[in-house]
*Asks:* 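What follows is a structure written as C-alpha coordinates; I'll ask about it next.
What you are looking at is a predicted structure, and each value in this text was computed from that prediction instead of being measured. Lettering of chains follows the sequences in order, A, B, ..., and the numbering in each one begins at 1. Atom set for the values below is all heavy atoms of this structure, side chains included, hydrogens, waters and symmetry mates excluded.
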Number of protein chains: 2
Amino acid sequence: MFTGSNNVTMDSKGRLAIPAKIRDALADACGGRIVITAHTEDRCLLVYPEQEWAELQEKIAALPNMNPKARRIQRLVLGYATPLELDSNGRVLLPQTLRDYAQLEKKLILVGQNNKLELWSEALWNSWVDEDEPEGDIPDAVSALSL
Amino acid sequence: MFTGSNNVTMDSKGRLAIPAKIRDALADACGGRIVITAHTEDRCLLVYPEQEWAELQEKIAALPNMNPKARRIQRLVLGYATPLELDSNGRVLLPQTLRDYAQLEKKLILVGQNNKLELWSEALWNSWVDEDEPEGDIPDAVSALSL
DNA sequence: ACTAAAAACCACTAAAAACCACTTTTTTCC
DNA sequence: GGAAAAAAGTGGTTTTTAGTGGTTTTTAGT
(Lines give C-alpha, C1' and ligand atoms only; values in the text may rest on other atoms or scores of the structure.)
Protein backbone atom coordinates (compact mmCIF):
# COMPACT_ATOMS: atom_id res chain seq x y z
CA MET A 1 0.00 0.00 0.00
CA PHE A 2 1.25 3.42 -0.95
CA THR A 3 0.95 6.46 1.31
CA GLY A 4 2.86 9.67 1.80
CA SER A 5 4.17 12.17 -0.69
CA ASN A 6 7.61 12.79 -2.15
CA ASN A 7 9.24 15.59 -4.04
CA VAL A 8 10.79 14.16 -7.18
CA THR A 9 12.53 15.73 -10.15
CA MET A 10 12.31 14.96 -13.84
CA ASP A 11 15.51 15.46 -15.81
CA SER A 12 15.85 16.99 -19.26
CA LYS A 13 15.23 13.66 -20.97
CA GLY A 14 11.99 13.06 -19.10
CA ARG A 15 13.48 10.53 -16.70
CA LEU A 16 12.04 10.31 -13.23
CA ALA A 17 13.86 8.67 -10.31
CA ILE A 18 11.43 6.68 -8.15
CA PRO A 19 12.30 7.13 -4.44
CA ALA A 20 13.86 4.01 -2.98
CA LYS A 21 11.05 3.20 -0.56
CA ILE A 22 8.41 3.34 -3.27
CA ARG A 23 10.69 1.36 -5.56
CA ASP A 24 10.79 -1.39 -2.94
CA ALA A 25 7.01 -1.32 -2.56
CA LEU A 26 6.65 -1.58 -6.34
CA ALA A 27 9.09 -4.46 -6.51
CA ASP A 28 6.93 -6.34 -3.99
CA ALA A 29 3.63 -5.46 -5.64
CA CYS A 30 4.47 -6.12 -9.27
CA GLY A 31 8.16 -6.75 -9.78
CA GLY A 32 8.52 -3.14 -10.89
CA ARG A 33 6.09 -3.54 -13.77
CA ILE A 34 3.80 -0.53 -13.74
CA VAL A 35 1.29 1.26 -15.94
CA ILE A 36 0.97 5.03 -15.99
CA THR A 37 -2.09 6.79 -17.35
CA ALA A 38 -4.14 9.99 -17.17
CA HIS A 39 -6.51 10.97 -14.39
CA THR A 40 -9.79 12.07 -15.95
CA GLU A 41 -10.85 14.62 -13.33
CA ASP A 42 -7.55 16.40 -12.68
CA ARG A 43 -4.48 17.05 -14.77
CA CYS A 44 -2.32 14.48 -13.08
CA LEU A 45 -1.11 10.97 -13.81
CA LEU A 46 -1.97 7.66 -12.15
CA VAL A 47 0.67 5.02 -11.46
CA TYR A 48 -0.65 1.46 -11.11
CA PRO A 49 1.02 -1.84 -10.35
CA GLU A 50 0.43 -4.11 -13.35
CA GLN A 51 -2.30 -6.28 -11.80
CA GLU A 52 -4.24 -3.34 -10.41
CA TRP A 53 -4.22 -1.89 -13.88
CA ALA A 54 -5.42 -5.09 -15.51
CA GLU A 55 -8.55 -5.07 -13.35
CA LEU A 56 -9.25 -1.43 -14.03
CA GLN A 57 -8.68 -1.84 -17.74
CA GLU A 58 -11.40 -4.48 -17.96
CA LYS A 59 -13.89 -2.27 -16.18
CA ILE A 60 -13.13 0.67 -18.43
CA ALA A 61 -13.25 -1.35 -21.61
CA ALA A 62 -16.70 -2.67 -20.64
CA LEU A 63 -18.28 0.80 -20.42
CA PRO A 64 -20.98 1.62 -23.02
CA ASN A 65 -19.03 3.62 -25.58
CA MET A 66 -21.89 5.42 -27.28
CA ASN A 67 -22.32 7.41 -24.04
CA PRO A 68 -20.24 10.63 -24.15
CA LYS A 69 -19.08 10.57 -20.54
CA ALA A 70 -18.05 6.94 -20.78
CA ARG A 71 -16.29 7.58 -24.07
CA ARG A 72 -14.34 10.42 -22.52
CA ILE A 73 -13.11 8.19 -19.71
CA GLN A 74 -12.16 5.44 -22.13
CA ARG A 75 -10.27 7.75 -24.43
CA LEU A 76 -8.28 9.30 -21.67
CA VAL A 77 -7.60 6.32 -19.44
CA LEU A 78 -6.98 3.71 -22.12
CA GLY A 79 -5.52 6.24 -24.51
CA TYR A 80 -2.79 7.38 -22.18
CA ALA A 81 -2.08 4.05 -20.49
CA THR A 82 1.57 3.14 -20.97
CA PRO A 83 3.40 0.16 -19.46
CA LEU A 84 6.80 1.22 -18.19
CA GLU A 85 9.76 -0.42 -16.55
CA LEU A 86 12.41 0.99 -14.28
CA ASP A 87 15.88 1.38 -15.76
CA SER A 88 19.04 0.11 -14.07
CA ASN A 89 19.06 3.16 -11.81
CA GLY A 90 15.41 2.94 -10.74
CA ARG A 91 14.11 5.57 -13.12
CA VAL A 92 11.19 5.61 -15.55
CA LEU A 93 11.12 7.49 -18.83
CA LEU A 94 7.81 9.35 -19.16
CA PRO A 95 6.49 9.57 -22.74
CA GLN A 96 6.03 13.08 -24.10
CA THR A 97 2.26 12.76 -24.40
CA LEU A 98 1.92 12.00 -20.68
CA ARG A 99 4.21 14.88 -19.78
CA ASP A 100 2.07 17.16 -21.90
CA TYR A 101 -1.22 15.99 -20.41
CA ALA A 102 -0.16 16.57 -16.82
CA GLN A 103 1.92 19.66 -17.66
CA LEU A 104 4.97 18.13 -16.02
CA GLU A 105 8.13 20.16 -15.78
CA LYS A 106 11.13 19.73 -13.53
CA LYS A 107 9.58 19.67 -10.07
CA LEU A 108 6.97 16.98 -9.41
CA ILE A 109 5.10 15.47 -6.47
CA LEU A 110 4.46 11.74 -6.13
CA VAL A 111 1.50 11.03 -3.86
CA GLY A 112 0.58 7.64 -2.41
CA GLN A 113 -3.10 6.64 -2.72
CA ASN A 114 -3.23 3.11 -1.30
CA ASN A 115 -3.42 0.84 -4.35
CA LYS A 116 -1.86 3.42 -6.69
CA LEU A 117 0.16 6.63 -6.82
CA GLU A 118 -0.61 10.02 -8.27
CA LEU A 119 2.03 12.09 -10.05
CA TRP A 120 1.53 15.85 -10.18
CA SER A 121 3.39 18.85 -11.41
CA GLU A 122 4.39 20.67 -8.22
CA ALA A 123 2.72 23.85 -9.43
CA LEU A 124 -0.61 22.15 -10.20
CA TRP A 125 -0.50 20.25 -6.91
CA ASN A 126 -0.02 23.43 -4.93
CA SER A 127 -2.84 25.24 -6.67
CA TRP A 128 -5.10 22.23 -6.18
CA VAL A 129 -4.30 22.21 -2.45
CA ASP A 130 -5.12 25.92 -2.26
CA GLU A 131 -8.38 25.57 -4.17
CA ASP A 132 -11.74 26.25 -2.57
CA GLU A 133 -13.90 23.37 -1.46
CA PRO A 134 -15.70 21.71 -4.36
CA GLU A 135 -19.41 22.42 -4.83
CA GLY A 136 -22.07 19.78 -5.33
CA ASP A 137 -23.59 16.74 -3.70
CA ILE A 138 -21.90 15.12 -0.76
CA PRO A 139 -22.38 11.34 -0.74
CA ASP A 140 -23.63 9.78 2.52
CA ALA A 141 -20.42 7.87 2.99
CA VAL A 142 -18.58 11.20 3.04
CA SER A 143 -21.01 12.89 5.45
CA ALA A 144 -20.67 9.94 7.80
CA LEU A 145 -16.90 10.22 7.94
CA SER A 146 -15.14 11.24 11.07
CA LEU A 147 -11.46 12.11 10.79
CA MET B 1 -4.32 -4.75 -27.11
CA PHE B 2 -3.49 -1.16 -27.92
CA THR B 3 -3.03 1.47 -25.24
CA GLY B 4 -1.03 4.64 -24.88
CA SER B 5 -0.62 7.58 -27.19
CA ASN B 6 2.11 8.64 -29.60
CA ASN B 7 3.01 11.81 -31.41
CA VAL B 8 3.37 11.01 -35.10
CA THR B 9 3.98 13.12 -38.18
CA MET B 10 2.54 12.88 -41.65
CA ASP B 11 4.90 13.85 -44.47
CA SER B 12 4.08 15.84 -47.59
CA LYS B 13 2.98 12.72 -49.48
CA GLY B 14 0.50 11.74 -46.78
CA ARG B 15 2.70 8.98 -45.41
CA LEU B 16 2.49 8.17 -41.73
CA ALA B 17 5.18 6.25 -39.83
CA ILE B 18 3.62 3.81 -37.36
CA PRO B 19 5.68 3.76 -34.12
CA ALA B 20 7.73 0.59 -33.77
CA LYS B 21 5.85 -0.78 -30.75
CA ILE B 22 2.47 -0.42 -32.39
CA ARG B 23 3.88 -1.85 -35.59
CA ASP B 24 4.88 -4.96 -33.66
CA ALA B 25 1.44 -5.20 -32.05
CA LEU B 26 -0.17 -4.91 -35.46
CA ALA B 27 2.10 -7.56 -36.90
CA ASP B 28 0.92 -9.92 -34.17
CA ALA B 29 -2.73 -9.02 -34.45
CA CYS B 30 -3.18 -9.07 -38.20
CA GLY B 31 0.14 -9.38 -40.00
CA GLY B 32 0.05 -5.63 -40.60
CA ARG B 33 -3.21 -5.77 -42.55
CA ILE B 34 -5.40 -2.96 -41.29
CA VAL B 35 -8.53 -1.03 -42.19
CA ILE B 36 -8.87 2.69 -41.54
CA THR B 37 -12.21 4.46 -41.47
CA ALA B 38 -14.07 7.46 -40.06
CA HIS B 39 -15.25 7.87 -36.48
CA THR B 40 -18.90 8.95 -36.51
CA GLU B 41 -18.93 11.03 -33.32
CA ASP B 42 -15.64 12.89 -33.61
CA ARG B 43 -13.50 14.08 -36.48
CA CYS B 44 -10.89 11.39 -36.14
CA LEU B 45 -10.03 8.11 -37.83
CA LEU B 46 -10.28 4.55 -36.55
CA VAL B 47 -7.58 1.98 -37.24
CA TYR B 48 -8.67 -1.67 -37.02
CA PRO B 49 -6.82 -4.94 -37.41
CA GLU B 50 -8.37 -6.80 -40.33
CA GLN B 51 -10.35 -9.34 -38.29
CA GLU B 52 -11.73 -6.76 -35.86
CA TRP B 53 -12.92 -4.81 -38.83
CA ALA B 54 -14.58 -7.81 -40.44
CA GLU B 55 -16.72 -8.32 -37.33
CA LEU B 56 -17.62 -4.67 -37.08
CA GLN B 57 -18.47 -4.47 -40.75
CA GLU B 58 -21.09 -7.19 -40.40
CA LYS B 59 -22.73 -5.45 -37.46
CA ILE B 60 -22.84 -2.13 -39.26
CA ALA B 61 -24.20 -3.65 -42.44
CA ALA B 62 -26.99 -5.32 -40.43
CA LEU B 63 -28.30 -2.03 -39.00
CA PRO B 64 -31.85 -1.04 -40.02
CA ASN B 65 -31.10 1.49 -42.72
CA MET B 66 -34.42 3.29 -42.75
CA ASN B 67 -33.34 4.88 -39.45
CA PRO B 68 -31.45 8.16 -40.03
CA LYS B 69 -28.92 7.65 -37.25
CA ALA B 70 -28.16 4.14 -38.45
CA ARG B 71 -27.89 5.32 -42.02
CA ARG B 72 -25.45 8.02 -41.00
CA ILE B 73 -23.24 5.48 -39.27
CA GLN B 74 -23.36 3.16 -42.26
CA ARG B 75 -22.49 5.86 -44.75
CA LEU B 76 -19.55 7.15 -42.77
CA VAL B 77 -18.07 3.95 -41.43
CA LEU B 78 -18.52 1.80 -44.51
CA GLY B 79 -17.98 4.72 -46.86
CA TYR B 80 -14.59 5.68 -45.56
CA ALA B 81 -13.28 2.21 -44.78
CA THR B 82 -10.00 1.62 -46.60
CA PRO B 83 -7.72 -1.43 -46.30
CA LEU B 84 -4.09 -0.38 -46.08
CA GLU B 85 -0.72 -2.06 -45.76
CA LEU B 86 2.51 -0.87 -44.26
CA ASP B 87 5.36 -0.10 -46.65
CA SER B 88 8.90 -1.41 -46.18
CA ASN B 89 9.63 1.34 -43.66
CA GLY B 90 6.51 0.74 -41.57
CA ARG B 91 4.48 3.59 -43.01
CA VAL B 92 0.93 3.82 -44.35
CA LEU B 93 -0.22 6.15 -47.09
CA LEU B 94 -3.45 7.85 -46.03
CA PRO B 95 -5.94 8.53 -48.85
CA GLN B 96 -6.83 12.18 -49.38
CA THR B 97 -10.50 11.69 -48.42
CA LEU B 98 -9.57 10.33 -45.01
CA ARG B 99 -7.08 13.14 -44.46
CA ASP B 100 -9.80 15.64 -45.28
CA TYR B 101 -12.40 14.04 -43.02
CA ALA B 102 -10.18 14.15 -39.95
CA GLN B 103 -8.52 17.46 -40.90
CA LEU B 104 -5.10 15.88 -40.70
CA GLU B 105 -2.07 18.05 -41.20
CA LYS B 106 1.52 17.46 -40.20
CA LYS B 107 1.25 16.78 -36.49
CA LEU B 108 -0.96 13.86 -35.45
CA ILE B 109 -1.71 11.78 -32.35
CA LEU B 110 -2.21 8.03 -32.47
CA VAL B 111 -4.22 6.80 -29.48
CA GLY B 112 -4.64 3.17 -28.38
CA GLN B 113 -8.19 2.08 -27.54
CA ASN B 114 -7.82 -1.62 -26.74
CA ASN B 115 -9.03 -3.41 -29.88
CA LYS B 116 -8.40 -0.44 -32.18
CA LEU B 117 -6.51 2.83 -32.50
CA GLU B 118 -7.71 6.37 -33.04
CA LEU B 119 -5.84 8.83 -35.24
CA TRP B 120 -6.33 12.53 -34.53
CA SER B 121 -4.99 15.81 -35.76
CA GLU B 122 -2.96 17.12 -32.83
CA ALA B 123 -4.93 20.35 -32.77
CA LEU B 124 -8.30 18.59 -32.64
CA TRP B 125 -7.07 16.17 -29.99
CA ASN B 126 -5.88 18.98 -27.76
CA SER B 127 -9.10 20.88 -28.03
CA TRP B 128 -11.06 17.70 -27.31
CA VAL B 129 -8.96 17.02 -24.20
CA ASP B 130 -9.49 20.60 -23.00
CA GLU B 131 -13.23 20.47 -23.62
CA ASP B 132 -15.64 20.66 -20.73
CA GLU B 133 -17.15 17.51 -19.37
CA PRO B 134 -19.93 16.20 -21.56
CA GLU B 135 -23.50 16.89 -20.42
CA GLY B 136 -26.17 14.27 -20.14
CA ASP B 137 -26.81 10.98 -18.43
CA ILE B 138 -24.07 9.31 -16.49
CA PRO B 139 -24.45 5.54 -16.66
CA ASP B 140 -24.41 3.69 -13.34
CA ALA B 141 -21.32 1.83 -14.44
CA VAL B 142 -19.54 5.18 -14.68
CA SER B 143 -20.74 6.55 -11.34
CA ALA B 144 -19.59 3.36 -9.66
CA LEU B 145 -16.07 3.62 -11.12
CA SER B 146 -13.10 4.35 -8.95
CA LEU B 147 -9.86 5.22 -10.69
C1' DA C 1 3.66 6.15 -76.80
C1' DC C 2 4.05 9.73 -73.68
C1' DT C 3 2.94 11.86 -69.33
C1' DA C 4 1.80 11.92 -64.70
C1' DA C 5 1.03 9.92 -60.47
C1' DA C 6 1.73 6.43 -57.28
C1' DA C 7 4.40 2.74 -55.29
C1' DA C 8 8.73 0.69 -54.03
C1' DC C 9 13.37 1.37 -52.85
C1' DC C 10 17.47 3.39 -50.77
C1' DA C 11 20.30 6.44 -47.93
C1' DC C 12 20.78 9.63 -44.27
C1' DT C 13 19.50 12.00 -39.88
C1' DA C 14 17.82 12.19 -35.43
C1' DA C 15 16.06 10.36 -31.38
C1' DA C 16 15.74 6.82 -28.00
C1' DA C 17 17.78 3.15 -25.19
C1' DA C 18 21.45 1.25 -22.79
C1' DC C 19 25.50 2.01 -20.48
C1' DC C 20 28.83 4.17 -17.41
C1' DA C 21 30.83 7.36 -14.10
C1' DC C 22 30.44 10.69 -10.58
C1' DT C 23 28.26 13.25 -6.58
C1' DT C 24 25.55 13.43 -2.60
C1' DT C 25 23.13 11.57 1.15
C1' DT C 26 22.23 8.14 4.56
C1' DT C 27 23.49 4.49 7.57
C1' DT C 28 26.46 1.84 10.38
C1' DC C 29 30.31 0.96 13.13
C1' DC C 30 34.07 2.46 15.85
C1' DG D 1 29.95 12.11 17.36
C1' DG D 2 32.87 11.30 13.49
C1' DA D 3 34.55 8.51 9.75
C1' DA D 4 33.92 5.15 6.39
C1' DA D 5 31.11 2.46 3.54
C1' DA D 6 27.01 1.69 1.16
C1' DA D 7 23.14 3.18 -1.16
C1' DA D 8 20.65 6.47 -3.76
C1' DG D 9 20.33 10.00 -7.03
C1' DT D 10 22.15 12.72 -11.08
C1' DG D 11 24.19 13.61 -15.35
C1' DG D 12 26.55 12.52 -19.46
C1' DT D 13 28.27 9.44 -23.41
C1' DT D 14 27.90 5.93 -26.75
C1' DT D 15 25.50 2.77 -29.55
C1' DT D 16 21.62 1.17 -31.79
C1' DT D 17 17.27 1.63 -33.87
C1' DA D 18 13.56 4.20 -35.53
C1' DG D 19 12.02 7.91 -38.38
C1' DT D 20 12.46 11.03 -42.41
C1' DG D 21 13.21 12.51 -46.95
C1' DG D 22 14.46 11.84 -51.53
C1' DT D 23 15.10 9.03 -55.97
C1' DT D 24 13.96 5.62 -59.13
C1' DT D 25 10.90 2.45 -61.20
C1' DT D 26 6.55 0.88 -62.32
C1' DT D 27 1.81 1.39 -63.47
C1' DA D 28 -2.06 3.49 -65.25
C1' DG D 29 -4.36 6.80 -67.89
C1' DT D 30 -4.74 9.82 -71.94
*Asks:* Any strand counts, and the cut-off is 3.5 Å on both contacts for Watson-Crick or G-U wobble. Which nucleotide pairs with C/dT27?
*Replies:* D/dA4
*Asks:* For D/dG11, does either OP1 or OP2 sit under 4.0 Å from a side-chain N or O belonging to A/S12?
*Replies:* no
*Asks:* Which listed nucleotide (C/dA18, D/dG19, D/dG22) is nearest to the side chain of B/A17?
*Replies:* D/dG19
*Asks:* Side-chain donor-acceptor pair under 3.5 Å between A/E122 and A/N126, yes or no?
*Replies:* no
*Asks:* Using whole Å, what does the distance between atom C1' of nucleotide D/dT17 and atom CZ of B/R23 come to?
*Replies:* 10 Å
*Asks:* Could you check whether the side chain of A/K21 and the base of C/dT26 have a donor-acceptor pair of N or O atoms closer than 3.5 Å, going by distance alone?
*Replies:* no
*Asks:* Return the value, rounded to whole Å, for the distance between atom CG of B/D87 and atom C1' of C/dC9.
*Replies:* 10 Å
*Asks:* If you measure from the Lys or Arg side-chain nitrogens to the Asp or Glu carboxylate oxygens, is any gap between A/E50 and A/K116 under 4.0 Å?
*Replies:* no
*Asks:* Any idea which of C/dC9, D/dG11, D/dG9 is nearest the A/D11 side chain?
*Replies:* D/dG11
*Asks:* If D/dG29 has a Watson-Crick or G-U wobble mate with both distances under 3.5 Å, name it; if not, just say none.
*Replies:* C/dC2
*Asks:* Atom CE of B/M10 to atom C1' of D/dG21: distance rounded to whole Å?
*Replies:* 15 Å
*Asks:* I'd like to know if A/R23 pairs up with A/D28 as an ion pair, taking the criterion as any Lys NZ or Arg NE/NH1/NH2 lying under 4.0 Å from an Asp or Glu carboxylate oxygen.
*Replies:* no
*Asks:* Can you check whether B/V129 reaches A/R75 side chain to side chain, under 4.5 Å on heavy atoms?
*Replies:* no
*Asks:* Just by distance, no angles: are the side chains of A/W53 and A/Q51 close enough, under 3.5 Å, to form a donor-acceptor pair?
*Replies:* no
*Asks:* Do B/K106 and D/dT20 share a donor-acceptor pair, side chain to base, under 3.5 Å?
*Replies:* no
*Asks:* Find which nucleotide of DNA chain D each of B/K13 and B/A20 is nearest to by heavy atoms, and output the residue with the more 5' nucleotide.
*Replies:* B/A20
*Asks:* Is there a donor in the side chain of B/N114 and an acceptor in the side chain of A/Q57, or the other way round, less than 3.5 Å apart?
*Replies:* yes
*Asks:* Measure the distance from CD on A/E85 to P on C/dC19 and round it to the nearest whole Å.
*Replies:* 13 Å
*Asks:* I need the CG-P distance between B/L94 and C/dA7, as an integer number of Å.
*Replies:* 12 Å
*Asks:* Please determine, for the side chain of B/N89, which listed nucleotide (C/dA11, D/dG22, D/dG9) has the closest atom?
*Replies:* C/dA11
*Asks:* Which whole-number value in Å describes the distance from B/N6 CG to D/dA18 P?
*Replies:* 13 Å
*Asks:* Within the pair A/T9 and D/dG9, is there a side-chain N or O less than 4.0 Å away from OP1 or OP2?
*Replies:* no
*Asks:* In this structure, how many angstroms lie between the P atom of D/dG9 and the CG atom of A/L86, rounded?
*Replies:* 11 Å
*Asks:* With sugar-phosphate meaning primed atoms plus P, OP1 and OP2, does B/L16 contact a base, only sugar-phosphate, or nothing at under 4.0 Å between heavy atoms?
*Replies:* nothing
*Asks:* Ignoring hydrogens and geometry beyond distance, is the side chain of B/R91 in donor-acceptor contact with the base of D/dG21 at under 3.5 Å?
*Replies:* yes
*Asks:* Could you tell me how far apart A/L93 (CG) and C/dA15 (P) are, to the nearest whole angstrom?
*Replies:* 14 Å
*Asks:* Sort out the partner of D/dT14 for me: Watson-Crick or G-U wobble, both distances under 3.5 Å, none otherwise.
*Replies:* C/dA17
*Asks:* Quick check for you: among C/dA17, D/dG21, D/dG11, whose closest atom lies nearest to any side-chain atom of B/R15?
*Replies:* D/dG21
